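Everything below concerns the one structure shown next.
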Amino acid sequence: MTAAADPAPMPASPPADSDLVRAARGLPVRRTPVWFMRQAGRSLPEYRALRAGTRMLEACQDPDLVTEITLQPVRRHGVDAAILFSDIVLPLVVAGVDIEIEPGVGPVVAQPVRTVADVDALPPLEPDRLAFLATAVRRLVAELGATPLIGFAGAPFTLATYLIEGGPSKEHARTKAFMYAEPEAWGRLLDRLAISAATFLRTQVDAGASAVQLFDSWAGVLSAADYAERVLPHSRAVFDALGSGRAGEDGVPRIHFGVGTGELLPLVGDAGADVVGVDWRVPLDEAARRVGPQRSLQGNLDPAVLLADRATVDREVRRVVEQGRAARGHVFNLGHGVLPETDPGVLTHVVELVHELTS
Ligand code: 1CP
């Protein structure tokens, strides 16, 4: 048999047996896995160099750039997972919604959704427009070997906030007003966003992603009652639509994350996650009590701690590792994304310290 006909060599331990996947399932790990939300991006000089001259949403649709930017933090920090370089608004953009990511601001929607007619006019996401995504994921999986790739999507509520507000917002008052005033159209909007999130995730899983994270970053602005009634069913629909994963496998682990969700933690788990992401406000031992023994936890170092002196960083990392031992499984992460002004050397140090403390 010629070399060209040989099957690709299997990595010594496949990503499905990685510490990330094992921790997510509550299985014993070699050491606590670490990755960082927003590990790709502006904290890295090599990212800034590669992105120069390319708009964010163009970069997200270029498989060469996506592959390289996704790999940068894995090479530099030795993290235990890659997260696809993309953005939560990308499925909307690919479907034809006019959105730009403005530097220093975030997603800006040209024509915000303000009426029932606006909801009904939203274009659906056609799966065949996601060929670039499948290509990028397949390339990444080949490059990453034993390191798992996390695919992701934005949850229906968080995407609805951008569509309705027209951009980033603190209070999300227009979103809540629409939710209360137009409950039926609200339900239809979130249904549609759930379908497009599921399509986006399914493409990534089918192309080889080893885990998925659903970002409901702004769900913490809701009361538990409103979250349970008007949001959770739609997030659950995303997970349900993912089904049992790739043929012959047990499905990929699902991570569900939001900021300020301390009061919602049991519900965030109930939506169908294997892992609940926790921000820095609730210590992980308390989060474990709230979420219960059926799910693992991810988090929860305050990203601002990484701007402090080394002794403070080390003390806080130790605390998070210790409190994480109360969980069924622990994936070490920040409580939200890496701040752009973070010294990347500190991130590498945190990876080394977590590994040292837990091996
Ligand atoms: O020019 C730039 O570099 C733009 C900065 C940037 C980056 C690097 C944005 C704009 N998005 C991204 C990539 C991105 N977005 C990733 C990459 C993978 C990684 O983590 O390394 C991910 C997972 C996201 C997801 C995302 N986008 C979320 C959920 C996570 C979170 O931070 O809560 C949200 C809320 C967005 C919207 C968004 N996109 C960009 C910004 C600045 C924002 C937030 C704006 C706001 O405050 O509302």
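First listed ligand is number 1; within each ligand, the first listed atom is number 1. All values reported here derive from a predicted model rather than from experimental measurement.
- Close contacts between ligand 1 and Arg51 involve ligand atoms 1 (O), 2 (C), 3 (O) [criterion: under 4.0 Å to a heavy atom].
- If you check which protein heavy atom lies closest to atom 30 (C) of ligand 1, you get Phe215 CD2, 3.3 Å.
- Protein heavy atom nearest atom 22 (C) of ligand 1, with residue, atom name and distance: Phe152 CZ, 3.5 Å.
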(request) Evaluate the criterion salt bridge (charged side-chain N to carboxylate O under 4.0 Å, His left out) for residue pair Arg188 and Glu182; output intermediate values, then yes/no. (result) CA-CA 10 Å; Arg188 275 207 307 286; Glu182 301 288 354; over 6 Å; no
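- No more than 12 heavy atoms of other residues, nucleotides or ligands shown are found within 6.0 angstrom of CZ on Arg174.
- Considering both main-chain and side-chain atoms, Ala40 comes within under 3.5 Å of ligand 1 through a nitrogen or oxygen pair.
- No salt bridge links Arg236 with Asp240; every basic N to acidic carboxylate O contact stays at or beyond 4.0 Å.
- Close approach to Tyr47 involves these atoms of ligand 1, each under 4.0 Å from a residue heavy atom: 2 (C), 3 (O), 8 (C).
- Among protein heavy atoms, the minimum distance from atom 42 (C) of ligand 1 is reached at Gly106 CA, 3.9 Å.
- Polar contact check, Asp87 against ligand 1: a nitrogen or oxygen pair lies under 3.5 Å apart.
- Residue Pro103 places every heavy atom at 4.0 Å or more from ligand 1.
- A side-chain donor-acceptor contact under 3.5 Å links Gln323 and Arg319.
- From the protein, the heavy atom lying nearest to atom 7 (C) of ligand 1 is Met56 CE, 3.5 Å.
- Taking CG of Asp87 as the reference point, atom CE of Met56 lies at 5.0 Å (rounded to 0.5 Å).
- Looking only at protein heavy atoms, the nearest one to atom 34 (C) of ligand 1 is Ile88 CD1, 3.5 Å.
- Between the NE2 atom of His256 and the CG atom of Leu267 there is a distance of 10.5 Å, given to the nearest 0.5 Å.
- No heavy atom of Gln213 sits closer than 4.0 Å to any atom of ligand 1.
- Nearest to atom 38 (C) of ligand 1 by heavy atom, out of Ala59, Pro168, Pro107, is Pro107.
- Contacts between Phe36 and ligand 1 below 4.0 angstrom, taking non-hydrogen atoms only, are absent altogether.
- Interatomic distance, Met37 CE to Ile255 CD1, rounded to the nearest 0.5 Å: 9.5 Å.
- Ionic pairing of Arg75 and Glu68 is present here: one or more N-O contacts between side-chain nitrogen and carboxylate oxygen are shorter than 4.0 angstrom.
- Using a 4.5 Å cut-off between side-chain heavy atoms of Ile, Leu, Val, Met, Phe, Trp and Tyr, with links allowed through other members, Leu65 and Leu84 fall into the same hydrophobic cluster.
- The ligand atoms of ligand 1 that sit less than 4.0 angstrom from a heavy atom of Ile83 are 18 (C), 19 (C), 20 (O), 21 (O).
- Under 4.0 Å from ligand 1, heavy atoms of Arg38 appear from its side chain as well as its backbone.
- Not a single heavy atom of Gly104 sits less than 4.0 Å from an atom of ligand 1.
- Considering both main-chain and side-chain atoms, Gln39 comes within under 3.5 Å of ligand 1 through a nitrogen or oxygen pair.
- Within the 4.0 Å heavy-atom cutoff, Val89 does not count among the residues contacting ligand 1.
- In this structure, the protein non-hydrogen atom closest to atom 48 (O) of ligand 1 is Tyr162 OH, 2.4 Å.
- Within the structure, ring pair (Phe, Tyr, Trp, His ring centres under 6.0 Å) contacts touching residues 14-64 (residues at least two apart or in different chains) are Tyr47-Phe85.
- Here is the list of ligand 1 atoms found below 4.0 Å of a heavy atom in Met37: 20 (O).
- For the residue pair His77 / Thr348, a side-chain donor-acceptor distance below 3.5 Å is found, with atom types taken as modelled.
- A heavy-atom separation below 4.0 Å is not found between Phe257 and ligand 1.
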(request) Dump the intermediate steps for salt bridge (charged side-chain N to carboxylate O under 4.0 Å, His left out) on Arg202 and Asp206, then the final yes or no. (result) CA-CA 6 Å; Arg202 155 100 6 241; Asp206 286 348; 2.8 Å; yes
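- Among protein heavy atoms, the minimum distance from atom 5 (C) of ligand 1 is reached at Arg42 NE, 4.1 Å.
- From the protein, the heavy atom lying nearest to atom 32 (O) of ligand 1 is His336 NE2, 3.1 Å.
- Side-chain N/O atoms of Asp302 and His336 include no donor and acceptor closer than 3.5 Å.
- Less than 4.0 angstrom separates some heavy atom of Ser217 from each of these atoms of ligand 1: 29 (C), 30 (C), 31 (C), 33 (O), 35 (C).
- Between the side chains of Gln213 and Gln298, a donor-acceptor pair is found at a separation under 3.5 Å.
- Residue pairs meeting the salt bridge (Lys or Arg N to Asp or Glu O under 4.0 Å) criterion with at least one partner in residues 132-148, sequence neighbours excluded, are Asp64-Arg139.
- Using a 4.0 Å cut-off between heavy atoms, Ser86 contacts ligand 1 through its backbone alone, with no side-chain atom that close.
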